[in-house]
Amino acid sequence: MTLPRFYPIFDDFRWLERLLPLGVKLVQLRIKDTPEDIVRAAVIKAQALCRAQGAILVVNDYWQIAIDAGCDWIHLGQEDLDDSDIAAIRRAGLKLGLSTHDRAELDRALSFDPGYVALGPVYPTILKKMKWQEQGLEKLTEWKAVIGDIPLVAIGGMSVERAAGAFEAGADIVAAVTDITLNDDPEGRVRQWLGATA
């Protein structure tokens, strides 16, 4: 299955309510530092909304909630791999998206037969403090040569203006966070993204 090329990531279900109707077909719900019952309620609502809109929901970290809510995708960071029951995730039929930052992490990710591999931050990011320096476009090209047909997600400091370069370098999908959520016109920005990734 071919995944959509535009992959926004949101920390609140209300963003999905606003922006999925514009035509977003792949979205991640990434909720941090929130009580689990609130996360569970948000995932259940997000999954219902994505089903209604014909979109794919990827749940960040909360694999058990994703299983319970009947989701199809989970995204895990490297640290999350240590704490997750991969066998249970597999039994539930969930596909895995995995974060990578260096070659050791990439090799580890590939051992899990991921549905996609994410590389970041491609550019400096304001979203979170990271021990990783910007990876640059060359790393996307290097990663794509290694992973072949597995979809490659470029994340970190991505904008509409930078998307074309990421695609040319080898990314199959570009993820965006603050380029949308901090924009004065998030709906307009999503329309620009959809145009740039069509």
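As the structure is a computational prediction, the values presented were derived from the model and not from experiment.
- The CH2 atom of W63 sits 10.0 Å away from atom CG of D83, with the distance rounded to the nearest 0.5 Å.
- Here the OG1-NZ distance, from T197 to K25, works out to 12.5 Å after rounding to the nearest 0.5 Å.
- Residues V43 and A69 share a closest heavy-atom pair of CG1-CB, 3.8 Å.
- For the atom pair CD1 (I44) and CG (L49), the distance works out to 14.0 Å, reported to the nearest 0.5 Å.
- With R162 contributing its side chain and Y123 its backbone, the two residues share no donor-acceptor pair below 3.5 Å.
- Rounded to the nearest 0.5 Å, atoms CD (Q28) and CG (L57) are 9.0 Å apart.
- Residues A109 and P114 share a closest heavy-atom pair of O-CD, 3.3 Å.
- Between D80 and Y62, every side-chain heavy-atom pair lies at or beyond the 4.5 Å cut-off.
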Checklist entry - Can you check side-chain contact (heavy atoms from CB on, under 4.5 Å) on V59 and I65, steps first, answer last? => result CA-CA 9 Å; V59 177; I65 292 175; 5.6 Å; no

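- In the hydrophobic clustering of ILVMFWY residues, with side-chain heavy atoms under 4.5 Å counting as a link, V146 and L152 come out together.
- Linking Ile, Leu, Val, Met, Phe, Trp and Tyr residues whenever their side-chain heavy atoms come within less than 4.5 Å places V160 and L22 in a single cluster.
- Sorted by first and then second residue, the pairs that involve residues 147-195 and meet ring-ring contact (aromatic ring centres under 6.0 Å, His included), not counting sequence neighbours, are F6-W193.
- Shortest non-hydrogen contact noted between I67 and A88 is CD1-O, 3.8 Å.
- At a threshold of 4.5 Å between non-hydrogen side-chain atoms, the residues I56 and L3 count as touching.
- Using a cutoff of 4.0 Å between basic side-chain nitrogens and carboxylate oxygens, R18 and D12 are not scored as salt-bridged.
- The CG atom of D61 lies 7.5 Å from the CZ atom of R30; values are rounded to the nearest 0.5 Å.
- Side-chain contact, T100 with W143: a donor N or O sits under 3.5 Å from an acceptor N or O.
- Note on residues 147-159: pairs passing side-chain hydrogen bond (donor to acceptor under 3.5 Å, both in side chains), not counting sequence neighbours, are S159-E161.
- When hydrophobic clusters are built by joining Ile, Leu, Val, Met, Phe, Trp and Tyr residues whose side-chain heavy atoms come closer than 4.5 Å, directly or via intermediates, I150 is grouped together with I86.
- No side-chain heavy atom of V27 sits under 4.5 Å from any side-chain heavy atom of L19.
- No more than 12 heavy atoms of other residues, nucleotides or ligands sit less than 6.0 Å from atom CZ of R14.
- A salt bridge does not link D185 to R189: none of the charged nitrogens lies less than 4.0 Å from a carboxylate oxygen.
- Across all non-hydrogen atoms, the minimal contact from A154 to M158 is O-CG, 3.8 Å.
- Here the shortest heavy-atom pairing between Q135 and G120 reads NE2-O, 3.2 Å.
- Counting heavy atoms from C-beta on, the side chains of L76 and L98 come closer than 4.5 Å.
- Two residues are said to be in side-chain contact when any heavy atoms from C-beta on lie closer than 4.5 Å; I31 and N60 fail this criterion.
- The two atoms that bring S84 and I89 nearest to each other are CB-CD1, 4.2 Å, heavy atoms only.
- Expressed to the nearest 0.5 Å, how far CG of L94 lies from CG of D72 amounts to 7.0 Å.
- Residues I147 and L106 meet the side-chain proximity criterion, which asks for heavy atoms closer than 4.5 Å.
- The aromatic rings of Y7 and Y116 sit perpendicular, their planes meeting at an angle over 60°, well past the 30° parallel limit.
- D172 places a side-chain heavy atom less than 4.5 Å from the side chain of K144.
- Counting only heavy atoms from C-beta outward, the side chains of P8 and V24 approach each other to under 4.5 Å.
- Side chain of T141 to backbone of A169: a donor-acceptor contact under 3.5 angstrom is found.
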